[in-house]
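Owing to the predicted nature of the structure, the values given are computational and were not obtained by experimental measurement. The first residue in the sequence is number 1, and the count goes up from there.
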Amino acid sequence: MRSLPLPLALTARLAPVAVLATAGWALSSGPDTSPAAKDRTPPDTADRSASAPATQAATKTYAAAPAPCESLAGKTVTSLVPDAEADGKEIPSTDADVRRTCSWNALKGYDYRWLDVSYEVMESDEAARKSFEGRVADRGGGGEVAGLGDEAYSVVNLTTEDKQQTREGTVLVRAANAVVMITYNGSDFESKKAPGTTEINKGAIKAAKEAVAALQDG
């Protein structure tokens, strides 16, 4: 389931000249006391300070990804993936503070189910928004899920390989600077059919709600 680094000799030669020239000017001229000088006022630095770029970084709502295998209640795992171990299996990550995923899968009789819960924490809400929008754009045909995170999207697709159907639901949620992704799919190896769209979609959304709640509880 998956930032860029890029002639001093002449300056050294000219530096003494500049210093001597400045010293000569200071010795040969006193302070300017002309009326015009009195009328001159120092430049206003307030505007420059106000227009200077802000250097303080935006506060992140979420600093790290939560433990994904603890994001769902045991009874939720049992209902969505019968016969799966409730503990699940966390997928190794190159940066566990940023990205963590847990997976559950099991075959009960001829019915197979697979469930993934994935968290990705980013540097800002804007970065998370761009990631969310990009992932949604890659998964057409779905729709918004109201009342879930700051924005959420759900889609279900059916695939067939060697006459075996698999139906997979994906729910994407953005909550502040984090993106939560649920993948839930199933197949029946006896009938070669897949579970219904409603079953898969509802299951994925149920898991998404619990996963987002776990993120917010931190």
Side-chain angles (χ1 to χ4, degrees), residues 1-2 61-62 64-82 84-91 93 96 98-106 111-122 124-160 165-188 194-218:
M1 304 185 44
R2 350 338 148 236
T61 302
Y62 304 109
C69 293
E70 300 175 10
S71 62
L72 304 184
K75 62 181 181 180
T76 300
V77 173
T78 299
S79 66
L80 297 180
V81 191
E85 296 199 8
D87 290 345
K89 181 180 180 180
E90 183 161 357
I91 308 303
S93 173
V98 174
R99 188 179 299 102
R100 297 181 72 175
T101 299
C102 188
S103 179
W104 297 263
N105 61 87
D111 287 334
Y112 181 75
R113 296 291 184 276
W114 181 294
L115 174 65
D116 282 350
V117 174
S118 177
Y119 294 99
E120 186 166 2
V121 174
M122 304 184 184
S124 66
D125 290 16
E126 182 60 26
R129 183 179 295 108
K130 288 181 179 179
S131 176
F132 174 85
E133 292 174 350
R135 297 182 191 200
V136 168
D138 290 337
R139 297 169 173 82
E144 296 180 4
V145 181
L148 186 54
D150 292 306
E151 49 190 334
Y153 175 86
S154 174
V155 62
V156 178
N157 290 308
L158 177 67
T159 59
T160 303
Q165 294 182 343
T166 300
R167 183 166 272 116
E168 180 171 284
T170 301
V171 177
L172 290 162
V173 186
R174 184 186 69 82
N177 63 306
V179 174
V180 182
M181 180 173 172
I182 307 298
T183 304
Y184 180 47
N185 64 46
S187 301
D188 185 322
T197 299
T198 300
E199 176 185 345
I200 293 298
N201 191 46
K202 283 186 174 181
I205 292 175
K206 178 179 177 61
K209 289 180 178 179
E210 290 192 21
V212 171
L215 172 70
Q216 295 171 338
D217 290 343

Quick check for you: to the nearest 0.5 Å, what is the distance between Lys130 atom NZ and Ser124 atom OG? 8.0 Å
Using a 3.5 Å distance criterion without hydrogens, assess whether the side chain of Ser71 forms a donor-acceptor pair with backbone atoms of Pro68. yes
For the student: nearest non-hydrogen atoms of Ala65 and Val121, plus distance: N-CG2, 3.5 Å
CG (Leu115) and CD1 (Ile200) are apart, to the nearest 0.5 Å, by 10.0 Å
Is the shortest distance from a Lys or Arg side-chain nitrogen in Arg139 or Glu168 to a carboxylate oxygen in the other one below 4.0 Å? no
Just jot down the salt bridge (charged side-chain N to carboxylate O under 4.0 Å, His left out) partners of Glu126, sequence neighbours excluded, or say none. Arg129
Provide the closest heavy-atom pair for Ala86 versus Val77 in the form atom of the first, atom of the second, distance. CA-CG1, 4.1 Å
For the student: nearest non-hydrogen atoms of Val180 and Ala211, plus distance: CG1-CB, 3.9 Å
From Thr159, Asn157, Thr197, residue fulfilling side chain to side chain donor-acceptor pair (under 3.5 Å) relative to Arg167: Thr197
Minimum-distance pair of heavy atoms, taken over all atoms of Lys89 and Cys69: C-SG, 3.8 Å
I'd like to know if the side chain of Asp116 pairs up with that of Thr101 as donor and acceptor (distance under 3.5 Å, no hydrogens or angles considered). no
Glu210 side chain to Ala73 main-chain N or O, any donor-acceptor pair under 3.5 Å? yes
State whether the side chain of Tyr112 and the backbone N or O of Thr166 hold a donor-acceptor pair below 3.5 Å, judged by distance alone. no
Nearest-0.5 Å distance, NZ of residue Lys202 to OH of residue Tyr184: 12.5 Å
Testing the basics here: between Ala106 and Val81, what is the closest heavy-atom pair and its distance to 0.1 Å? N-CG1, 3.7 Å
Beyond-backbone contact of Ser154 with Ile205, side-chain heavy atoms, under 4.5 angstrom: yes
Does CD in Glu133 sit with more than 12 non-hydrogen atoms of other residues, nucleotides or ligands closer than 6.0 Å? yes
Any side-chain heavy atom of Pro66 sitting closer than 4.5 Å to one from Arg100? no
Do any side-chain atoms of residues 169-178 form donor-acceptor pairs under 3.5 angstrom with protein atoms, and if so which ones, sequence neighbours left out?
{"unit_1": "Arg174", "atom_1": "NE", "unit_2": "Glu151", "atom_2": "OE2", "d": "2.6"}
{"unit_1": "Arg174", "atom_1": "NH1", "unit_2": "Ala176", "atom_2": "O", "d": "2.9"}
{"unit_1": "Asn177", "atom_1": "OD1", "unit_2": "Thr61", "atom_2": "N", "d": "3.4"}
{"unit_1": "Asn177", "atom_1": "OD1", "unit_2": "Tyr62", "atom_2": "N", "d": "3.0"}
{"unit_1": "Asn177", "atom_1": "ND2", "unit_2": "Tyr62", "atom_2": "O", "d": "2.8"}
{"unit_1": "Asn177", "atom_1": "ND2", "unit_2": "Met122", "atom_2": "O", "d": "2.8"}

Heavy-atom closest pair, residues Glu85 and Trp104: O-CD1, 3.1 Å
